[in-house]
Amino acid sequence: MESSYDSKKVRRRDLQKMGRIRSIPGRSESEQKTVHDFNAPAKRYRNLAFGACDYAGDSGRAHSSSPYEGIRGTLGARNGPCGHCHPKQGRKSDRRRGPESTTIGARRIFGTCKEFVAESQDTIRNQVRKMGSSCDWSRERYTFDDDLSKAVNEVFVRMYNDGLIYRGHRIVNWCTRCNSTLSDDEVEYVERQDPFYYIKYGPVTIGTARPETKFADKVIIVHPDDERYKELIGKEFDVPWINSEGSIKAKVVADADAANMEMGSGAMTITPAHSFVDFELAKKHGFEIKPIIDTNGKMLPIAGEFAGMDVKDCRKKLAEKMQQMGIMERIDENYVHNLSVCYRCNTPIEPLVSEQWFVDVNKRFKINDSKLKTGKSEASLKELTEHAVQSGSIEIIPDRFKKGYFNWTENLRDWCISRQIWWGHRIPVWYKNEEIYVGTEAPEGDGWIQDEDTLDTWFSSGLWTFSTLGWPEKTQELDYFHPTSVLETGYDILTFWVLRMVMMSTYSLNDIPFEKVYLHGLIRDKEGRKMSKSLGNGIDPIDMIEQFGADALRMSMLIGNTPGNDMRLYEEKIKGYRNFTNKLWNASRFVIGILENNPNEGVMEAKSDADHWILGKLNDVIQKTDDALENFRISEAGELLYDFMWNDFCDWYLELSKGDKQNPGVLKHVLTNIIVLLHPFTPFVTEQIWSEMNSAEGANDHSHLLIREPYPTPTNDHHNTESTQIIIDVIRKIRHLRSENKIEPAKKVDVALQSEKHTDLLERNAEDIRRLARVENLTIETKKISMENAASDWVSDVEIFVPLDGLVDPEKEKARVEKEVQNLQQYIAGLKAKLGNAQFVANAPETVVAGEKAKLADAEAKLEKLKSHTD
RNA sequence: GGGCGCUUAGCUCAGUUGGUUAGAGCGUCUGGUUUACACCCAGAAGGUCAUAGGUUCGACUCCUAUAGCGCCCACCA
């Protein structure tokens, strides 16, 4: 065994040995995938790991469940083309991108992307494995796998037949660069300063940042109660305007909901084809909806002289024209607003009307209510999605994210699911002249052309919990694993993914997809900044693993972090846990060495006070760890184990084991428990220690892995931990007295102990006290000792004297004691005041009052002793 | 505009339904080749828990307001 834990060496060895790639002997690669292993995962993993990786996804974007959101670049989409942002090729639709894109051969793009996906898969698999994730690799799935694609089509067809999917001309978020729609939650906002134009429009002045959309504006909306415009309502005007005719017939319409008297001039025109709000308004009033801008962001012929021009250029030129026409009142150059942009390429979004497929979230359909328990026979997707969380069937951790979830379900609009990108599941709809066919497979006969659009990635991702288990077949897995117990993911993906999974599962299976959602925060750099490529502040997990080991990286991500809160990650932190890993390694080496020297003494039997102490402590830590993990306080569990391993086991029990009461059986027992408990946190080093322990006993059997060991449960054995605690405290106090009085560590001192109750205990452990406190002559008395010129202290009823002839500074010692007396007196006064308060005694629970009384008694006894020592 | 979160030792963070003389790691200081470990050991210093009120016998913890930082959603005439 090496003296320092080399994570690199062990890792490579372990990956094969530990069966992290769970392979079944005698089966080919393809058969491996279909092997069903119904061995329930060990308890600890049920709660710690569940996640799905979409690789490059059907979206060209990785939404792995890793908290490494900030460095998505390294998780999947590294250096590759963004699938989304490439136009489909070989398509004749006029929605396609212009001729420039045809210069890129379709085959070439497709080839590149296949490679890209393969590379991403490799990268992610590699990273997940290197992180030590304990997945059932036999069940790995990719959203483009055949059976998953089948599920996608199946859901589409079912929804279509239930009338939940429809095709319609609607206003959508459009990216002119990607040449595709975006769903509402794929739109991002950036703050920008742009000119804001005030334009004369007949009798009113309108304000806009986008004059180029207004060629066909012919309705003025005012508030019905607005005194300024009351007279105008219902009237029509010929307004000098920017269109090619030079004027337009405008009508004044009152709408109490749409118009705001306080805002600007209180009057506005509307652009139905390029504004969500205006589109709804136009539908409400039956106004004409006339497109101004095409899908490439170019002006349509309606713009006259500006036709074919880019939106941006048009705006500039148009402003000049308006000046010339004399209808430009003024320009505010300091207008700051939120510009909506494409999350993929940051191109400004152009809302426009186009024919798309939508999921109707409000239409009711028949449901099987046996699991959903809505109390209804039919419900809408929106209602089901909301109900699953509202009813408590799904628990979100931490709880506060429910609010965001409901905010989102409440404002849910029909979901535009068609995308004009080529990388995705094709919409399972075929056309032949006027005929339309919707089915899971292409219809019989010639002349059918499949819809060229693809589905929003979240449509297929939303099926993840059951499409991966063979649905729509009634498979054993589906029965066994669904709903999943815990989904673990980042909070930023709650609405994208989590909500869609709830929606899809409640629809398709009439059941929830999972019982609990554990949300982690995002990882930030040391300064709290989001990790990003442009800042170059990302941390490559593989780099950190190379340097400090995967275990250290895992620990640094688990400890000191609470659900839903962002976490800073930086080298020093990881380094700290590397030290922990190494400490564990060295302690194990020491124990294994003892076991090798005492091959026949491995029976677990507590003999010494220290044995009882450590076993009691172990029992306690098992119980607390279990409780913490059950309640998703993962950080706390990690801290408990860290503390127990280092401070109790290493600093005390191992040190005591170097004395005359070494007990190999207990050492082995405690170490074994420690590594089982720590295995979920630091799988590699613990598995390696386990293997070394077993090979020390000549039983190196690869099938006998630590990961298979049951997680410890507390025993009912009673262990006295008090006794050794006294010994430990005595040693500490002696050390403290030495240090206070500047006694060199190498120098041995004489110590006298006096106690009525604990002389036996002290005698039993005299050797340890002598060794660990560096004592020359240790005397233990029952009768009172009075000693001149000695530093003194006490523990329980044990009085400690360290004679310091000529060494102790009487003044200093006096000052120290006086300070402590003062401190104690203050404390006692506080306690007395509290206990003297009738209200406190009356209202506080008995246990609290008793506790305070005990504290007081204790403090008073201490004060007594302190005084007796100064006499 | 609506919502949410954070503010605790020099730094990074814990603190479970209100009852500890408020904790950890790192860093700092003092000392150390004690035969597993200097990626270590021993000892120590360091906080009026952002501010101001309130509830309570009792507040880091609950309520209200204020300030600073951050996030999400909405809007954009």
Side-chain angles (χ1 to χ4, degrees), chain A residues 1 3-5 185 189 196 198 205-210 221 258-260 262-270 275 277 335-340 398 400-401 403-404 407-408 411 491-492 494-495 521-522 526 528 548 552 556 559-562 564-570 572-573 575-594 627-628 631 633 635-636 639 642-643 650-651 654-655 658 732 735-740 742-746 771-774 823-824 826-827 830-831 834 837-845 847-849 851-852 855 859:
Chain A
M1 250 171 131
S3 69
S4 161
Y5 177 63
D185 44 23
Y189 296 90
F196 193 78
Y198 289 91
T205 298
I206 57 171
T208 182
R210 305 211 50 197
I221 302 281
N260 182 348
E262 314 294 311
M263 199 87 112
S265 62
M268 64 176 182
T269 64
I270 62 166
S275 154
V277 178
Y335 175 66
V336 178
H337 64 142
N338 286 326
L339 185 71
S340 53
R400 64 184 143 91
F401 282 95
K403 230 167 185 163
N407 178 38
W408 220 84
N411 298 319
Y491 66 75
D492 60 332
L494 179 68
T495 52
L522 309 184
K526 204 178 178 182
F548 305 112
S556 59
I559 295 187
N561 175 241
T562 40
N565 290 328
D566 293 354
M567 157 189 26
R568 300 184 193 205
L569 188 67
Y570 43 91
E572 297 93 306
K573 193 170 177 181
K575 202 170 171 179
Y577 292 106
R578 183 272 317 266
N579 295 353
F580 168 80
T581 309
N582 198 49
K583 182 79 180 175
L584 174 62
W585 178 253
N586 280 310
S588 305
R589 272 202 314 142
F590 178 64
V591 174
I592 291 168
I594 292 171
D627 183 63
N631 293 291
R633 297 193 307 265
S635 170
E636 189 185 310
E639 268 179 289
Y642 181 106
D643 183 58
C650 293
D651 289 349
L654 290 190
E655 289 308 317
K658 290 173 183 172
R732 278 211 175 107
R735 283 172 175 170
H736 179 77
L737 290 173
R738 293 177 59 116
S739 172
E740 284 267 309
K742 300 260 180 290
I743 302 167
E744 292 156 36
R771 185 167 44 86
L772 295 174
R774 313 227 90 215
N823 204 358
L824 260 178
Q826 228 169 1
Y827 179 51
L831 285 171
K834 204 175 204 180
N837 184 336
Q839 299 267 38
F840 170 72
V841 179
N843 294 326
T847 51
V848 173
V849 177
E852 296 299 301
K855 278 185 211 163

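Each chain gets a letter, A, B and so on, in the order the sequences are listed, and its residues count up from 1. Atoms considered below: every heavy atom in the structure, side chains included; atoms not considered: hydrogens, waters and symmetry mates.
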Novice: Go through the structure and list residues passing side-chain hydrogen bond (donor to acceptor under 3.5 Å, both in side chains) with A/Asn407, not counting sequence neighbours.
Specialist: A/Asn411

Novice: Pick the P atom in B/G27 and in B/A36, then give their distance to the nearest Å.
Specialist: 25 Å

Novice: For RNA chain B, note the earliest and the latest nucleotide, 5' to 3', having some atom under 4.0 Å of a heavy atom belonging to chain A.
Specialist: B/G3 to B/A77

Novice: For the pair A/Tyr642 and A/Tyr577, name the ring-plane relationship: parallel under 30°, tilted 30 to 60°, perpendicular over 60°.
Specialist: perpendicular

Novice: Taking B/U8 as the reference, what is the distance to B/G2 when you measure between their P atoms (whole Å, please)?
Specialist: 27 Å

Novice: What interatomic distance, in whole Å, is found between C1' of B/G3 and the corresponding atom of B/A9?
Specialist: 33 Å

Novice: Base, sugar-phosphate or nothing for A/Glu655? Non-hydrogen atoms, less than 4.0 Å.
Specialist: base

Novice: In terms of the nearest nucleotide of RNA chain B, which residue is placed more toward the 5' end: A/Arg633 or A/Gly404?
Specialist: A/Gly404

Novice: Can you check the distance between B/C11 and B/C49, where both ends of the measurement are the P atom (answer in whole Å)?
Specialist: 16 Å

Novice: Checking A/Asp566 now: which residues fulfil side-chain hydrogen bond (donor to acceptor under 3.5 Å, both in side chains) with it, not counting sequence neighbours?
Specialist: A/Tyr491, A/Arg524

Novice: Stems in RNA chain B: runs of 3 or more consecutive Watson-Crick or G-U pairs, distances under 3.5 Å?
Specialist: B:1-7 with B:67-73, B:10-13 with B:23-26, B:28-32 with B:40-44, B:50-54 with B:62-66

Novice: What residues form a side-chain hydrogen bond (donor to acceptor under 3.5 Å, both in side chains) with A/Lys575, not counting sequence neighbours?
Specialist: none

Novice: Considering every strand and a 4.0 Å limit on heavy-atom distances, what is the contact class for A/Thr562: base, sugar-phosphate, or nothing?
Specialist: sugar-phosphate

Novice: Checking A/Gln826 now: which residues fulfil side-chain hydrogen bond (donor to acceptor under 3.5 Å, both in side chains) with it, not counting sequence neighbours?
Specialist: none

Novice: Within the structure shown, what part of the strands sits under 4.0 Å from A/Gly560 by heavy-atom distance: base, sugar-phosphate, or nothing?
Specialist: sugar-phosphate

Novice: Please work out if A/Arg400 contacts a base, only the sugar-phosphate, or nothing of the nucleic acid, heavy-atom cut-off 4.0 Å.
Specialist: sugar-phosphate

Novice: NA contact type, A/Asn843, heavy-atom cut-off 4.0 Å: base, sugar-phosphate, or nothing?
Specialist: base

Novice: Tell me which of A/Lys834 and A/Asp627 sits closer to the 5' end of RNA chain B, going by the nucleotide each one is nearest to.
Specialist: A/Asp627

Novice: Have a look at A/Tyr570 and say if it touches a base, only the backbone sugar-phosphate, or nothing, with a 4.0 Å heavy-atom cut-off.
Specialist: sugar-phosphate

Novice: If the P atom of B/G25 is compared with that of B/A14, how far apart are they to the nearest Å?
Specialist: 16 Å

Novice: So A/Glu639, base contact, sugar-phosphate only, or nothing? Heavy-atom distance under 4.0 Å.
Specialist: sugar-phosphate

Novice: Classify the nucleic acid contact of A/Lys403 as base, sugar-phosphate or nothing, counting any heavy atom under 4.0 Å across all strands shown.
Specialist: sugar-phosphate

Novice: Mind checking salt bridge (charged side-chain N to carboxylate O under 4.0 Å, His left out) for A/Arg210 and listing every partner two or more places apart, or none if nothing turns up?
Specialist: A/Glu212, A/Glu350

Novice: When all nucleic acid strands are considered with a 4.0 Å heavy-atom cut-off, which category describes A/Arg578: base, sugar-phosphate, or nothing?
Specialist: base

Novice: Report yes if some heavy atom in the side chain of A/Thr562 is under 4.5 Å from a heavy atom in the side chain of A/Glu636; otherwise report no.
Specialist: no

Novice: Would you kindly check if the NZ (Lys) or CZ (Arg) of A/Lys658 is within the cone defined by 45 degrees around the ring axis of A/Phe590 and under 6.0 Å from the six-membered ring centre?
Specialist: yes

Novice: Measuring only between side-chain heavy atoms, which start at C-beta, is A/Lys526 closer than 4.5 Å to A/Lys573?
Specialist: no

Novice: What integer number of Å spans the C1' atoms of B/U16 and B/U20?
Specialist: 15 Å

Novice: Pick base, sugar-phosphate or nothing for A/Asp651, based on heavy-atom distances below 4.0 Å to the nucleic acid.
Specialist: sugar-phosphate

Novice: Applying ring-ring contact (aromatic ring centres under 6.0 Å, His included), can you list everything that pairs with A/Tyr198, at least two apart in sequence or on another chain?
Specialist: A/Phe196

Novice: Given the C1' atoms of B/C37 and B/A42, what is the spacing between them in whole Å?
Specialist: 15 Å

Novice: For B/G1 versus B/U55, give the span between their C1' atoms, rounded off to a whole number of Å.
Specialist: 32 Å

Novice: Contact class for A/Val277 (heavy atom, under 4.0 Å): base, sugar-phosphate, or nothing?
Specialist: sugar-phosphate

Novice: Give one of base, sugar-phosphate or nothing for A/Lys855, where a contact means two heavy atoms less than 4.0 Å apart.
Specialist: sugar-phosphate

Novice: Need one value for A/Phe196: base, sugar-phosphate or nothing, where a base atom within 4.0 Å counts as base even if backbone is also close, heavy atoms only.
Specialist: sugar-phosphate

Novice: What residues form a side-chain contact (heavy atoms from CB on, under 4.5 Å) with A/Lys834, not counting sequence neighbours?
Specialist: A/Phe840, A/Glu852

Novice: Base, sugar-phosphate, or nothing: which does A/Ala773 touch, judged by heavy atoms less than 4.0 Å apart?
Specialist: nothing

